[in-house]
There are 2 protein chains.
Amino acid sequence: MSGERGLPPVDLVSRAYQRIRDLIVEGRLAPGTRIIENDLANHLEISRTPVRAALQRLQQEGWVIGSGTGKQLRLSVSPMTQEDARELFDIIGTLEGLAARWAALLPSEHRADLVEELRGLNRQLREEAASALPDPRRAYELHSAFHVQLVEAIHAPRLRVLHSAIKPQAYRYRQVYSVALIPATAEAAAEHEAVLRHIDAGDPAAAEQAARTNWANAADRMARIIQTWGEKGSW
Amino acid sequence: MSGERGLPPVDLVSRAYQRIRDLIVEGRLAPGTRIIENDLANHLEISRTPVRAALQRLQQEGWVIGSGTGKQLRLSVSPMTQEDARELFDIIGTLEGLAARWAALLPSEHRADLVEELRGLNRQLREEAASALPDPRRAYELHSAFHVQLVEAIHAPRLRVLHSAIKPQAYRYRQVYSVALIPATAEAAAEHEAVLRHIDAGDPAAAEQAARTNWANAADRMARIIQTWGEKGSW
DNA sequence: ACTCCCATGATTGTATACGATTGCGTATAC
DNA sequence: GTATACGCAATCGTATACAATCATGGGAGT
């Protein structure tokens, strides 16, 4: 997804951003946890400056939330609620719907290549889910790759930035209930296939609708599962 | 919209963000202009630290763009191009379409209040455009308020944040060609009215479609004007 | 005269230092 | 025993100092 191999030529704030985000996604920084710049800086073995920059970005993207009126604000990890999940999934569905629409408007040659590539990913996803011992991490990677590639394929910088900022937050929810979601992979793959079919046919409206339906269903599946809360992580 | 008349309890980075953004919107920092942290800090009479934080936020929102592979990156004001305008308007239309959809799903009482409030704004907008000496600033404010209030009305924090980050960038284009756009205000107001009618009727699909159409038409109007006036800063 | 190399300046990334504000604990007074 | 006030520790915002890297220009050599 991010694919940043190569440690030296990356500035500390990007790495801090990634690492803190991972801490949150993995649940090691549990929802509601108070965030102290100093502690994070110590944990990451860097100074407060890059941590601060990373935190500001995380705050703007909604990973951490600031309380306290303006001045002396305190940061904490954004809580995970059902309403938030619903809003999140709806927004992503809308954005990806737009991506699917644009994809269906590409020249037919590009469309064919794209559909072929995504069909490959989708097939791998199906196989992984149907295997005897499904690997949640690999399923996650394949699932994520499908959606990322779809947005990546159209040349739309702003949409790409938005999507890359928001979509991982859905995977935060997905991660928590990853085991419970494995059985639903087949449905998801089928929905993916529907999107691809409409893109292949060059039908923008249908492609958009299919993508939105996919995420709406994902929201439903998630809502059904949300019952027990994530436990606190120690780190 | 901004309306932060300088109470002391506002941190420097927020103020720096606002001021730099205003510089960009007003065109005093022209598209393509190279950005030097020190110069900005001197100009704003603060240190580099808050400027840096503000710049990072501006970069993430797409106001400034960073070039240079990873390491030693240089910032410059994002250029204004026709493709960018098109993408921007489409994205905003999609987001506001979602907002309109949700608005149409509100309890009918809330809907009535909302529609009434927005009708008021729309009427003021019409009057301003129809007056003998239209004030572009006031038209801008009213127009902006309409869209902001629509999104504000539904209780959707993430959508609100997204909208507040993206929409002002459309007004950057709008600002540049503000004079040329005045005659189009009547059309815009009519389209607004269509959105309100569908929200009032509680028809989510129609409301969403109307909002998207509004922004699609806005994109067309903008494209026509850019065509004749030329793009700024893409070179 | 042209080219190449080195040095100096400019610009950014990172760390640290300092002042201010806030929340909490404790001690004292009622 | 309880409540309030005072003080200290914790944390954050801002400034400044330092290091690293890149560009640019001038001088020397061919």
Side-chain angles (χ1 to χ4, degrees), chain A residues 2 4-21 23-24 29-30 32-78 235, chain B residues 4 6-21 23-24 29-30 32-78 235:
Chain A
S2 56
E4 90 289 54
R5 284 300 141 251
L7 304 175
V10 184
D11 54 334
L12 290 190
V13 12
S14 301
R15 283 201 299 215
Y17 168 82
Q18 267 296 338
R19 294 186 59 185
I20 299 173
R21 212 182 78 170
L23 286 176
I24 297 177
L29 275 174
T33 303
R34 172 75 190 284
I35 290 195
I36 284 93
E37 295 178 356
N38 239 333
D39 295 355
L40 270 179
N42 286 11
H43 183 67
L44 303 182
E45 294 173 309
I46 56 180
S47 88
R48 268 180 57 212
T49 309
V51 171
R52 217 181 146 67
L55 281 179
Q56 218 206 0
R57 191 167 154 203
L58 288 166
Q59 179 183 6
Q60 205 205 348
E61 290 183 354
W63 293 95
V64 307
I65 189 173
S67 64
T69 58
K71 190 62 168 298
Q72 194 83 4
L73 87 158
R74 309 297 195 185
L75 293 180
S76 52
V77 179
S78 294
W235 52 284
Chain B
E4 95 285 58
L7 283 314
V10 184
D11 55 332
L12 291 191
V13 14
S14 302
R15 283 203 298 225
Y17 168 82
Q18 266 296 336
R19 293 187 58 185
I20 298 173
R21 211 181 80 169
L23 286 177
I24 297 176
L29 275 174
T33 304
R34 168 78 188 280
I35 289 192
I36 285 94
E37 295 178 358
N38 237 333
D39 295 357
L40 269 179
N42 285 10
H43 183 64
L44 303 181
E45 294 173 309
I46 57 182
S47 87
R48 269 180 55 208
T49 310
V51 172
R52 227 183 133 66
L55 282 179
Q56 219 209 354
R57 189 168 155 200
L58 288 166
Q59 179 183 6
Q60 202 202 350
E61 290 183 354
W63 294 95
V64 307
I65 188 174
S67 65
T69 59
K71 194 67 165 298
Q72 193 86 2
L73 88 158
R74 310 299 206 195
L75 294 180
S76 53
V77 179
S78 294
W235 45 283

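Listed in residue order, the members of residues 35-43 of chain B having a heavy atom less than 4.0 Å from DNA chain D come to none. Scanning residues 51-65 of chain A for heavy-atom distances under 4.0 Å to DNA chain C yields an empty list.
In this structure, of D:dA15, C:dT12, C:dA15, it is C:dA15 that holds the atom nearest to the side chain of A:Ile46.
For the pair B:Val13 and B:Ala54, the tightest heavy-atom approach, listed with the atom from each and the gap, is O-CB, 3.9 Å. Nearest heavy-atom pair across B:Arg74 and B:Arg34 is CD-NH2, 3.2 Å. Here the closest non-hydrogen pair linking A:Leu29 and A:Val77 is O-CG1, 3.9 Å. A:Ser78 approaches A:Gly62 most closely through the heavy-atom pair OG-O, 2.9 Å.
One atom, CG of A:Leu44, and another, C1' of C:dG13, lie 17 Å apart when rounded to the nearest Å. Straight-line distance from the CG atom of B:Asp11 to the C1' atom of C:dT21: 14 Å, rounded to whole Å. Protein atom CZ of A:Arg48 is 7 Å distant from nucleotide atom C1' of D:dT11, rounded to whole Å. Here the P atom of nucleotide C:dG13 and the OH atom of A:Tyr17 are 18 Å apart, to the nearest Å. In this structure, B:Glu45 atom CD and D:dT14 atom C1' are separated by 16 Å, rounded to whole Å.
A search for side-chain hydrogen bond (donor to acceptor under 3.5 Å, both in side chains) contacts involving B:Glu61 returns A:Gln60, B:Tyr17, B:Trp63, not counting sequence neighbours. Under the rule for a side-chain hydrogen bond (donor to acceptor under 3.5 Å, both in side chains), B:Gln56 has no partner lying at least two apart in sequence or in another chain.
Taking only side-chain nitrogens and oxygens, B:Ser47 comes nearer than 4.0 Å to OP1 or OP2 of D:dA15.
Of the nucleotides present, C:dT12 is the one that pairs with D:dA19 by Watson-Crick or G-U wobble criteria, both distances under 3.5 Å.
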Exercise answer: donor-acceptor pairs, residues 44-53 of chain A side-chain atoms, under 3.5 Å, sequence neighbours excluded:
{"residue": "A:Ser47", "atom": "OG", "partner": "A:Thr49", "partner atom": "N", "Å": "3.2"}
{"residue": "A:Arg48", "atom": "NE", "partner": "A:Glu37", "partner atom": "OE1", "Å": "3.0"}
{"residue": "A:Arg48", "atom": "NH2", "partner": "A:Glu37", "partner atom": "OE1", "Å": "3.1"}
{"residue": "A:Arg52", "atom": "NH1", "partner": "A:Glu37", "partner atom": "OE1", "Å": "3.3"}
{"residue": "A:Arg52", "atom": "NH1", "partner": "A:Glu37", "partner atom": "OE2", "Å": "2.6"}

Can you check nucleotides 23-25 of chain D for protein contacts, nitrogen or oxygen pairs under 3.5 Å, and list what you find?
none

(request) Just do the side chain to side chain contact (heavy atoms under 4.5 Å, CB included) check on A:Leu55 and A:Leu40 with the steps written out, would you? (result) CA-CA 10 Å; A:Leu55 281 179; A:Leu40 270 179; 4.1 Å; yes

